[in-house]
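Along the sequence shown, residues are numbered consecutively beginning with 1. Since the model is a prediction, treat every value here as computed from it, not as a measurement.
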Amino acid sequence: MYKAIIIDDEFLARNIVVEYLQAYPNITIVEQCENGFDGLKAIHQHQPDLVFLDIQMPKITGFEMLELVEEKVSVIFTTAFDEYALKAFDNNAIDYLLKPFSKERFDKAIQKWLQHTTAIGQQEQLLEDAAQSTQQNRVVVKTAGKIKIIPVGDILYLEADDDYVKIHTAEGAFLKNKTLSSFEKILDAQLFVRSHRSYMINVQEITKIVPHEKENFLAILRSGTKVPVSKAGYTKLKEVLGI
């Protein structure tokens with residue numbers, strides 16, 4: 001018996017999935033959720049085998065919710081998201097159903113999942129591609145068991161921290177299970193510059209750049225924080241800052 005969770009803010013959309021799943025007695029719906037916050041809790045509680053997930057929802061998107069999921073889950077998107085944007089990561093998804101979808105199309109997605117034609121391990125790449133397919137103006141993190149949304153403009157700088165990135169803001173630092181390279185692909189290159197192998201800086205926060213040891217430099221931020229700048233990073237910063 002498989003366990004499934006439906007996460008969609010539209011009542012009628014959830015009902016369609018419920019109706020179509022009646023043809024699959026080996027799949028039990030353990031919970032239905034109207035938003036990503038409740039969906040995250042439900043996934044942690046039920047450990048589902050399959051999640052039907054909308055992308056465009058209030059508060060946090062389906063992509064942002066998946067980034068916070070610690071459990072390995074199989075996902076079929078049920079979404080009105082533009083078909084062409086989805087093609088960017090189509091090969092990495094288990095499947096997606098573009099609303100309104102037919103019973104035949106739904107059955108095809110279920111069979112694809114049951115046959116395990118797409119590995120769950122590809123989900124990380126799916127998220128990377130999805131992030132590049134949508135406009136990113138915020139970062140969602142989980143701290144002290146709560147979800148926090150950080151507007152990109154509030155980020156002072158980012159720092160690599162083992163398998164995480166430490167996001168520094170005026171409120172403090174928050175950890176995100178991502179790489180600096182992934183942030184480079186998402187964030188505006190004219191606003192955030194990789195100043196060092198382990199650092200990215202919000203250029204709007206820089207007050208000056210001063211020489212440091214050997215051929216390295218230090219970027220002094222408005223907060224007074226000193227962020228390392230390598231020789232290559234200095235070249236990038238000069239180009240962006242026009243100096």
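With contacts defined as side-chain heavy-atom distances shorter than 4.5 Å, the pair Glu67/Val139 does not qualify. Counting heavy atoms from C-beta outward, Val227 and Leu156 have side chains that stay 4.5 Å or more apart. Looking at Glu64 and Ile147, their side chains never come closer than 4.5 Å, going by heavy atoms from C-beta outward. Looking at heavy atoms from C-beta onward, Leu191 lies out of side-chain contact with Met200 at the 4.5 angstrom threshold. Residues Ile167 and Phe183 meet the side-chain proximity criterion, which asks for heavy atoms closer than 4.5 Å. Side-chain contact check for Ile186 versus Lys178: some heavy-atom pair is nearer than 4.5 Å. Side chains of Leu221 and Ile201 form a contact here, defined as non-hydrogen atoms less than 4.5 Å apart.
Other residues, nucleotides and ligands place more than 12 heavy atoms under 6.0 Å from the CG atom of Asn26. By the 6.0 Å contact criterion, CD on Glu239 is open, its count of non-hydrogen atoms from other residues, nucleotides or ligands being 12 or less. Applying the 6.0 Å contact sphere to NZ of Lys103 captures more than 12 heavy atoms from other residues, nucleotides or ligands.
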Open item on the list: Determine whether Ile209 and Leu241 satisfy the following criterion, side chain to side chain contact (heavy atoms under 4.5 Å, CB included), listing intermediate values before the conclusion.
Closed with: CA-CA 11 Å; Ile209 302 174; Leu241 294 171; 4.1 Å; yes

TODO: Might you work through the side chain to side chain contact (heavy atoms under 4.5 Å, CB included) test for Leu180 and Arg194, ending with a clear yes or no?
DONE: CA-CA 8 Å; Leu180 276 182; Arg194 185 82 171 260; 3.6 Å; yes

Open item on the list: As a quick check of understanding, evaluate side chain to side chain contact (heavy atoms under 4.5 Å, CB included) for Lys108 and Gln111, giving each step before the final call.
Closed with: CA-CA 5 Å; Lys108 182 179 178 181; Gln111 291 305 316; 5.9 Å; no

TODO: Verify side chain to side chain contact (heavy atoms under 4.5 Å, CB included) between Val17 and Phe106, making sure each step is shown before the conclusion.
DONE: CA-CA 8 Å; Val17 176; Phe106 181 87; 4.1 Å; yes

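In the hydrophobic cluster analysis, where Ile, Leu, Val, Met, Phe, Trp and Tyr join through side-chain heavy atoms closer than 4.5 angstrom, Val210 is grouped apart from Leu237. When hydrophobic clusters are built by joining Ile, Leu, Val, Met, Phe, Trp and Tyr residues whose side-chain heavy atoms come closer than 4.5 Å, directly or via intermediates, Phe174 is grouped together with Leu187.
Applying the side chain to side chain donor-acceptor pair (under 3.5 Å) test to residues at least two apart or on different chains, the pairs with a partner in residues 142-154 are Lys148-Glu171. Counting only residues at least two apart or in different chains, salt bridge (Lys or Arg N to Asp or Glu O under 4.0 Å) contacts with residues 198-210 comprise Glu205-Arg222.
Scanning all heavy atoms of the two residues, the minimum distance from Lys99 to Ala80 falls at CD-N, 4.0 Å. Smallest separation of non-hydrogen atoms from Pro48 and Ile5: CG-CD1, 3.6 Å. Nearest approach of Thr179 to Val165, heavy atoms of both residues: C-CG2, 3.6 Å. Taking every heavy atom of both residues into account, Ala109 and Ile76 meet most closely at O-CD1, 3.9 Å. Among all heavy-atom pairs drawn from Asp8 and Glu10, the shortest one is OD1-N, 2.9 Å. Minimum heavy-atom separation, Gln32 to Val18: NE2-CG2, 3.5 Å.
Distance check, rounded to the nearest 0.5 Å: CG of Asn35 to CG of Asp54 gives 11.5 Å. Expressed to the nearest 0.5 Å, how far CG of Leu97 lies from CZ of Arg105 amounts to 5.5 Å. Distance check, rounded to the nearest 0.5 Å: CD1 of Ile6 to CD1 of Ile29 gives 4.0 Å. Rounding to the nearest 0.5 angstrom, the gap separating the CG atom in Asp38 from the CE atom in Met65 is 11.0 Å. Here the CZ atom belonging to Phe52 is positioned 14.5 Å from the OG1 atom belonging to Thr79, to the nearest 0.5 angstrom. Distance CD1/Ile43 to CG/Leu53: 7.5 Å, rounded to 0.5 Å.
Taking the salt bridge (charged side-chain N to carboxylate O under 4.0 Å, His left out) definition, one finds that Arg197 meets it with nothing, sequence neighbours left out. For Thr225, the side-chain hydrogen bond (donor to acceptor under 3.5 Å, both in side chains) criterion is met by Ser223, not counting sequence neighbours. Listed by chain and number, the residues in a side-chain contact (heavy atoms from CB on, under 4.5 Å) with Lys231 are Glu215 (sequence neighbours excluded). For Tyr24, the side-chain hydrogen bond (donor to acceptor under 3.5 Å, both in side chains) partners two or more places apart in sequence, or in a different chain, are Asp107. For the side-chain hydrogen bond (donor to acceptor under 3.5 Å, both in side chains) test, no residue two or more places apart in sequence or in another chain qualifies with Lys236. By the side-chain contact (heavy atoms from CB on, under 4.5 Å) test, Ala173 pairs with Lys166, His168, sequence neighbours left out. Remark: Ile16 pairs with Glu19, Tyr20, Phe101 by the side-chain contact (heavy atoms from CB on, under 4.5 Å) rule, at least two apart or across chains. Considering only residues two or more places apart in sequence or on other chains, Lys59 meets the side-chain hydrogen bond (donor to acceptor under 3.5 Å, both in side chains) condition with none of them. When the salt bridge (charged side-chain N to carboxylate O under 4.0 Å, His left out) test is applied to Glu159, no partner is found at least two apart in sequence or on another chain.
Residue Tyr164 belongs to a hydrophobic cluster whose other members are Leu175, with links defined by side-chain heavy atoms closer than 4.5 Å.
Side chain of Ser198 to main chain of Ala160: no donor-acceptor pair is present (N/O by atom type, distance under 3.5 Å, no hydrogens or angles). A donor-acceptor pair under 3.5 Å is formed between the side chain of Asp49 and the backbone N or O of Lys3. Ser195 places a side-chain N or O within donor-acceptor distance of the main-chain N or O of Pro228, the cut-off being under 3.5 Å.
Ring geometry for Phe77 against Phe63 counts as perpendicular: the plane angle is over 60°, on a 0 to 90° scale with 30° as the lower cut.
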